[in-house]
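Have a look at the structure below before the remarks.
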There are 2 protein chains.
Amino acid sequence: MLDALGDPTRRVILETLRRGGPCSVSTLAGQVPVSRPAISQHLKVLGAVGLVRHESRGTRNIYRIHRTGLDELRDWLDQFWGDALEAYADHIRRTEDRTVPGRPDVRTEEERDEH
Amino acid sequence: MLDALGDPTRRVILETLRRGGPCSVSTLAGQVPVSRPAISQHLKVLGAVGLVRHESRGTRNIYRIHRTGLDELRDWLDQFWGDALEAYADHIRRTEDRTVPGRPDVRTEEERDEH
DNA sequence: GCCCTTGGTTAGTGGCAACTTACCGTTCGT
DNA sequence: ACGAACGGTAAGTTGCCACTAACCAAGGGC
């Protein structure tokens, strides 16, 4: 998924499909500075992770953006965020009992965050 | 940004920071199957795109996840989505006048989507 | 003072993946 | 039926990047 989005030309392909709407492989190859076979290979990768769908129309294959992959990315992002915040809260909680007894404002190094 | 997330070991590093909270470089190197210099280089990349922040503590550098990069990713995702839908609507609108006159339910091939 | 720890940087190497060229099957037009 | 357009696949090359080893600088503890 993120591997698929990691390649710049694949992002250009997605961007082209986004701006121009559904498009055939040759047309796509005309707008992206790369050979047609390369486009095919990239589309294969993009299709494998659900970022793109294609539809045969005669000899032409029309490709379009598909939301499955993007939804997946969004879910990953949301979960990553939530879990990160939770883990951070845990981290604070873990280090909280290291407060020096009797001197509540003196703390171990690890609790201090930001600067 | 997406280039930074494109590398698997970088994602492992992020995941480790997410699960364990803020962490020093050596500790990180102990949990990720890669040498310490590699970790440093990856952290440099992650820091450059705002996915990570570090804080010097003596000789140790404590790294933690930073939201800037993730926010940027979310924004990109939202904008990409919105624009894609809009572009798709445009595409429909463009092909709409190709409807066969007098037979509103007969349409040119290009308007049909999903199967 | 010294030494050990920590970590960023450099130089060099290996492997992978992006790209092109060539080929082949399919489908449309005539 | 024949040729052309379209597009997927295979084979081969190249360039980039992830990784390691070696070196160096800065702090902390004794």
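Heavy atoms only: backbone and side chains are in, while hydrogens, waters and symmetry mates are out. In what follows, every chain begins at residue 1, and chains take the letters A, B, ... in the order their sequences are listed.
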**Q.** B/E55/B/R53 ion pair, N-O < 4.0 Å
**A.** no

Q: Under 4.0 Å between any heavy atoms, over every strand shown, what does B/S26 touch: base, sugar-phosphate, or nothing? Just pick one.
A: sugar-phosphate

Q.
What is the distance, to the nearest angstrom, from the CD1 atom on B/I13 to the C1' atom on C/dG7?
A. 14 Å

Q: Could you tell me which non-hydrogen atom of B/N61 sits nearest to which non-hydrogen atom of B/S56, and how far apart they are?
A: OD1-OG, 3.1 Å

Q) Start at the 5' end of DNA chain C and walk down; is the nucleotide closest to B/H54 or to A/T9 reached first? A) B/H54

Q: Rounded off to whole Å, could you give me the OH-to-C1' distance for the B/Y63 and C/dT6 pair?
A: 12 Å

Q. Atom CD of B/E55 to atom C1' of C/dT6: distance rounded to whole Å?
A. 16 Å

Q | Nucleotide C/dG8, atom P - distance to CD1 of B/I62 in whole Å | A | 11 Å

Q.
For a quick test of reading the model: is some side-chain N or O of B/N61 closer than 4.0 Å to OP1 or OP2 of C/dT6?
A. no

Q: Tell me whether A/L43 is reachable from A/V45 by hopping between hydrophobic residues (I, L, V, M, F, W, Y) whose side-chain heavy atoms are closer than 4.5 Å.
A: no

Q) With respect to the side chain of A/T59, which nucleotide from C/dG7, C/dT20, C/dT27 is positioned closest? A) C/dT27

Q: Specify the separation, in whole Å, of atom CD of B/Q41 and atom P of C/dG12.
A: 15 Å

Q. Within the side chain of A/R36, is there an N or O that forms a donor-acceptor pair under 3.5 Å with the backbone of A/A29?
A. no

Q: Compute the angle between the rotation axes at the two ends of the helix from C/dG1-D/dC30 to C/dT30-D/dA1, each taken over five pairs, rounded to 10 degrees.
A: 20°

Q.
Contact between A/I39 and A/Q31 at the side-chain level, heavy atoms closer than 4.5 Å - yes or no?
A. no

Q) Could you state the CZ-C1' distance from A/R60 to C/dC28, rounded to the nearest angstrom? A) 10 Å

Q) If we only count heavy atoms from C-beta on, is the B/D78 to A/R74 side-chain gap below 4.5 Å? A) yes

Q: Find which nucleotide of DNA chain D each of B/R36 and B/V45 is nearest to by heavy atoms, and output the residue with the more 5' nucleotide.
A: B/V45

Q. Got a second to check how far A/L5's CG is from B/L77's CG, nearest 0.5 Å?
A. 9.0 Å

(Q) Does C/dA17 have OP1 or OP2 under 4.0 Å away from a side-chain N or O of A/H42? (A) no

Q) If you walk 5' to 3' along DNA chain D, what is the first nucleotide with an atom under 4.0 Å of a heavy atom in chain A, and what is the last? A) D/dC6 to D/dA10

Q.
Would a single hydrophobic cluster contain both A/L46 and A/I62, if residues Ile, Leu, Val, Met, Phe, Trp and Tyr are joined by side-chain heavy-atom contacts under 4.5 Å?
A. no

Q) Once you round it to whole Å, what is the distance between C1' of C/dG7 and CZ of B/R57? A) 16 Å

Q. Is any side-chain nitrogen or oxygen of B/K44 closer than 4.0 Å to OP1 or OP2 of C/dG7?
A. no

(Q) Could you check whether any side-chain heavy atom of B/W81 comes within less than 4.5 Å of a side-chain heavy atom of A/D71, counting everything from C-beta outward? (A) yes

Q.
Quick check: do A/Y63 and A/I13 have side-chain heavy atoms less than 4.5 Å from each other?
A. no

**Q.** Interatomic distance where CG belongs to B/D7 and P belongs to C/dC16 [whole Å]
**A.** 13 Å

